Amino acid sequence: MNINQYKVPEKAKIHLKDYATTYDGPLNKKEVKSKLLPENLNAMAELQDALYAENTRGIVVVLQAMDAAGKDGLIKHVFTALNPQGVTVTPFKVPNAEELDHDYLWRIARALPRRGEIAIFNRSHYEDVLVTRVHDLLKESPLPEELVDDNIWNRRFKEIRAFESYLNDNGFTVVKIFLHLSKDEQKERLMERITRPEKHWKFSSSDVNERAYWEDYQKAYEDLIAHTSTENSPWYIIPADRKWYARYAVSEIMLKLMKDMNPTYPELAEKEKENLAKWKKILEEE
Ligand code: ATP
Ligand code: MG
């Protein structure tokens, strides 16, 4: 798969309508699920092992999408292939009192990976230029009034670019995935949450109400993606109407990223190597 077709170049103008939500290429669902995806997951696990052992760099995976686009399933089917010891998953919900009492990147910084780790963000700091913007939430926020002006979103884009570039300069790569779902497919999935009892727990009436803001969200996404896709921390717009395809596409992105990072197992220092024979002998003679 050529994942570059989904990568958003720096300073691109984005019209989400020009991006496919569905996949209609030659890949076959059965083959992807039974062969191609498992192969990718194995390769990812091997690279993660080396990344963890190397213990110098880390990865942040930002997952953003409209409701019911499949973030949870993606995490379950793609990222559980990795060793849990080196992975963290953080869902970012409506900020709690303590989070509201800080700047918006505070809770994000607390969830950053250690060296060797992969941190998955289920929603992220991008909610602060998204739901916050669509619902005009800054009105009720404790932010000083004089700081809320028409330029605030552009300022936040700049802050986010600087934050991600800082992480990059410190050995942490940020990759951003937008699961691009159609409004019709969302309806189908919300219907399923209503009609299938085992999916009831996923149903939230607010998901239905949010559909009224669909176009506003699409516009906010277009603006944030256009302003924050950079060479080092790009956005990928992934067609998400077919879950199996979206999962495979994300595994391809992760695999390419990890291969490019080329993590290597640390070598023993020469002196330690010389001593190995000695330690072997001691164990043998126990
Ligand atoms: P699901 O698909 O299972 O519903 P979800 O990610 O939508 O998963 P929820 O608990 O339903 O999880 O929703 C989290 C909610 O928190 C979202 O509506 C999101 O917009 C909101 N949220 C996240 N960050 C912020 C923020 N900074 N300000 C306001 N709301 C936020
Ligand atoms: Mg939700």
Side-chain angles (χ1 to χ4, degrees), residues 21 60-80 88-112 119-143 147-148 152-153 155-157 159-160 163-164 176-183 185-225 228 238 240-241 243 246-247 250:
T21 58
V60 178
V61 185
V62 168
L63 299 177
Q64 284 288 156
M66 298 298 284
D67 288 303
K71 289 185 277 99
D72 289 359
L74 178 83
I75 292 169
K76 187 157 134 190
H77 287 91
V78 175
F79 293 100
T80 43
T88 56
V89 182
T90 310
F92 292 97
K93 310 268 183 185
V94 177
N96 62 27
E98 194 187 15
E99 289 168 344
L100 276 180
D101 222 11
H102 293 83
D103 60 282
Y104 71 97
L105 290 175
W106 179 78
R107 65 175 182 165
I108 307 299
R110 281 161 54 103
L112 290 173
I120 296 146
F121 288 179
N122 185 348
R123 302 186 186 270
S124 64
H125 42 304
Y126 286 99
E127 292 291 323
D128 295 279
V129 287
L130 190 64
V131 64
T132 310
R133 186 176 189 180
V134 169
H135 289 294
D136 210 2
L137 298 179
L138 289 179
K139 272 199 315 224
E140 302 129 42
S141 90
L143 203 62
L147 293 181
V148 183
I152 187 149
W153 310 116
R155 270 204 322 270
R156 287 198 168 183
F157 294 148
E159 289 154 8
I160 290 172
F163 176 64
E164 292 176 358
K176 298 160 323 204
I177 313 270
F178 173 60
L179 296 180
H180 187 26
L181 186 74
S182 68
K183 201 175 174 190
E185 179 64 22
Q186 189 196 50
K187 187 173 176 176
E188 295 275 315
R189 293 186 190 178
L190 294 179
M191 278 291 196
E192 256 191 32
R193 290 180 180 184
I194 293 171
T195 54
R196 288 177 52 183
E198 77 279 14
K199 294 208 167 182
H200 279 171
W201 68 275
K202 281 214 142 217
F203 180 73
S204 152
S205 54
S206 75
D207 291 354
V208 179
N209 291 330
E210 284 299 276
R211 281 172 63 79
Y213 299 92
W214 184 275
E215 287 308 321
D216 296 338
Y217 272 108
Q218 300 289 302
K219 263 201 237 125
Y221 266 117
E222 286 173 346
D223 206 28
L224 77 84
I225 292 172
T228 59
I238 304 295
D241 284 359
K243 288 176 186 166
R247 290 168 190 169
V250 172

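Indexing begins at 1, ligand by ligand and atom by atom, following the structure's order. None of the values given here were measured: they were computed from a predicted structure.
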(message) At less than 4.0 angstrom from any non-hydrogen atom of Leu137, what atoms of ligand 1 do you find?
(response) 29 (C)

(request) Would you mind checking if Asp67 and Arg123 are paired as a salt bridge, meaning a charged N to carboxylate O distance below 4.0 Å? (result) yes

(request) Look at atom 13 (O) of ligand 1 and find which of Arg123, Glu210, Arg133 reaches it with the closest heavy atom. (result) Arg123

(message) Just to be sure I read this right, does ligand 1 sit under 4.0 Å from the backbone of Lys202, its side chain, both, or neither, counting only heavy atoms?
(response) side chain

(request) Select one of side chain, backbone, both or neither to describe which atoms of Leu130 lie under 4.0 Å from any atom of ligand 1, heavy atoms only. (result) neither

(message) Ring-plane angle category for His102 and Trp106, please: parallel below 30°, perpendicular beyond 60°, tilted otherwise.
(response) parallel

(request) Could you tell me whether the side chain of Glu164 reaches within less than 4.5 Å of the side chain of His125, counting heavy atoms only? (result) yes

(request) Please work out whether the ring planes of Tyr221 and Phe178 are parallel, tilted or perpendicular, with thresholds of 30° and 60°. (result) tilted

(message) I want to know if ligand 1 touches Ser124 in the polar sense, i.e. an N/O pair below 3.5 angstrom.
(response) no

(request) Would you check, one step at a time, whether the test side-chain contact (heavy atoms from CB on, under 4.5 Å) holds for Thr88 with Phe121? (result) CA-CA 8 Å; Thr88 56; Phe121 288 179; 5.9 Å; no

(message) Under 4.0 Å between a side-chain nitrogen and a carboxylate oxygen: does that hold for Lys219 and Glu215?
(response) no

(request) Considering the heavy atoms of Phe92, write down every atom of ligand 1 situated less than 4.0 Å from one of them. (result) 23 (C), 24 (N)

(message) Does Lys183 have more than 12 heavy atoms from other residues, nucleotides or ligands lying within 6.0 Å of its NZ?
(response) yes

(request) Going by heavy-atom distance to atom 27 (N) of ligand 1, choose the closest among Arg193, His125, Arg107. (result) Arg107

(message) Going by the closest heavy atom to atom 30 (N) of ligand 1, which one wins out of Val131, Asp128, Asp72?
(response) Val131

(request) May I ask you to check whether Tyr213 and His135 place their ring centres under 6.0 Å from each other? (result) yes

(request) Say whether, by atom type as modelled, one donor and one acceptor occur between the side chain of Thr132 and the main chain of Glu127 under 3.5 angstrom. (result) yes

(message) Need the ligand 1 atom indices (1-based, order shown) with element for anything under 4.0 Å from a heavy-atom of Asp67.
(response) 7 (O)

(message) For ligand 1 and Glu127, I'd like to know whether there is a polar contact (N/O to N/O, distance under 3.5 Å).
(response) yes

(request) Number the atoms of ligand 1 from 1 as they appear, then name those within less than 4.0 Å of a heavy atom of Lys93, with their elements. (result) 9 (P), 10 (O), 12 (O), 14 (C), 16 (O), 22 (N), 23 (C), 24 (N), 25 (C), 31 (C)

(request) Tell me, please: is Lys71 in heavy-atom contact with ligand 1, that is, under 4.0 Å? (result) yes

(request) Report the member of Val94, Leu63, Asn122 with the shortest heavy-atom distance to atom 16 (O) of ligand 1. (result) Val94

(request) Please confirm whether Ser204 comes under 4.0 Å of ligand 1, counting heavy atoms of the residue only. (result) no

